[in-house]
K.L.:
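Please find one structure pasted underneath; my questions will follow.
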Amino acid sequence: MSRGTTSGRIEARFAALREEGRAAFVPFIMAADPDYPTSSEILKGLPAAGADLIEIGVMYSDPMADGPAIQAAGLRAKAGGARLSRTLEMVRDFRQNDDTTPIILMGYYNPIYIYGVEKFLDDARAAGVDGLIVVDLPPEEDSELCLPALDAGMHFIRLATPTTDDDRIPAVLANTSGFVYYVAVAGITGTKSADTSTIHAAVTRLKSHTDLPVAVGFGIKTPDQARNVAEVADAAVVGSAIVQTIADNLTPDGNATPELVEKVLDFTRQLSGGVQGASRQAAE
Amino acid sequence: MLQDDDGQILDAHSISAGLDYPGIGPEHSWLNDSGRVEYVSVRDDEALDSFQLCSRLEGIIPALEPSHALAHVGKIAPKLPARSSCWS
């Protein structure tokens, strides 16, 4: 299988963090939540608030993996004019001042399918997107987007879950690149949380099958939880708790309050502080 | 699929719960594209009228889904010969 040359940003970031001996902190925001100017301002502030990589949610009308907080973020984004093309525009704008922080788009396949796979990969690469997480494309559908993405040098990051058993793991990992995203709970985003020893065991199991970094997400809501995860994984992803901070700082009619961006970045700093304070029990 | 140009699925509406869905399955799509089946539409009020008519005349209370089909039968039956079969 041919693999195109990647942007190299994800590899470089994980290599640098390995040198530092710490895990990555990966915040998630939904593009256009609650509007493009506000989410663009948040995005630009995230690296200075401790984001090592950034996941940007692409709003989709039928978000099967999203819990209530991210579903609500999606509805706000829809009202805020979310469109895949404008989200790529937001990444392009971010890249004017940041050429190192990896950007991963997370969403569902239909908007990409309608946009056109080849055109999307060209435009996303040009905008400065480094990787994709497409929740509703399992390995059986790799010819749709995963293989063209890898050919185009776009990382395709697959989700592994507590129900991904040893028989299934090779299929999940076969065409995964950049890193592996371990979904810590069997369920939707932002609900229950797994305990650290369970996560440690799962990460260790994944690492026996791959040399890729393992990120852990779903259910990490506090700096303490982020620190615990960062002790046993290569990255801790926080989404629902961050978009909930956005929800908590809206006017009654759903617009951003003047302090919204700073509140979100403050919370992000606390979370990244948790990750940076972790003492690593390297799961090799 | 009922969707906008960004690939977002649009809200469907039907008075019949079983038809209140924004997509068409692959088998119906294939039958339509290959010309084996001609697909038509029926309005909510037409389906309800057929529901009433069938209940009153036949003593059979149809579901709202086949009530749509019965409404179309009412449209095409008068144009057919007195003794005809859909198989002939």
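None of these values were measured; they are calculated from a predicted model. So that the names make sense, note that chain A is the first sequence line, chain B the second, and so on, each numbered from 1. Computed over heavy atoms, backbone and side chain alike; hydrogens, waters and symmetry mates excluded.
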K.L.:
Rounded to the nearest 0.5 Å, what separates atom CZ in A:R83 from atom CG in B:D5?
P.N.:
4.5 Å
K.L.:
Tell me, for A:Y115 versus chain B, whether the close heavy atoms (under 4.5 Å) come from the side chain, the backbone, both or neither.
P.N.:
neither
K.L.:
Do any of residues 8-22 of chain B have a heavy atom less than 4.5 Å from a heavy atom of chain A, and if so, which, in residue order?
P.N.:
B:Q8, B:I9
K.L.:
For the residue pair A:N110 and B:G7, what are the closest heavy atoms and their distance?
P.N.:
ND2-O, 2.9 Å
K.L.:
Quick check: are there more than 12 heavy atoms from other residues, nucleotides or ligands sitting under 6.0 Å from CD1 of B:I61?
P.N.:
no
K.L.:
Does atom NZ of A:K221 have more than 12 heavy-atom neighbours from other groups under 6.0 Å away?
P.N.:
yes
K.L.:
The criterion is side chain to side chain contact (heavy atoms under 4.5 Å, CB included); which residues satisfy it with B:A63, sequence neighbours excluded?
P.N.:
B:E65, B:P66
K.L.:
More than 12 heavy atoms of other residues, nucleotides or ligands under 6.0 Å from CD of B:E38: yes or no?
P.N.:
no
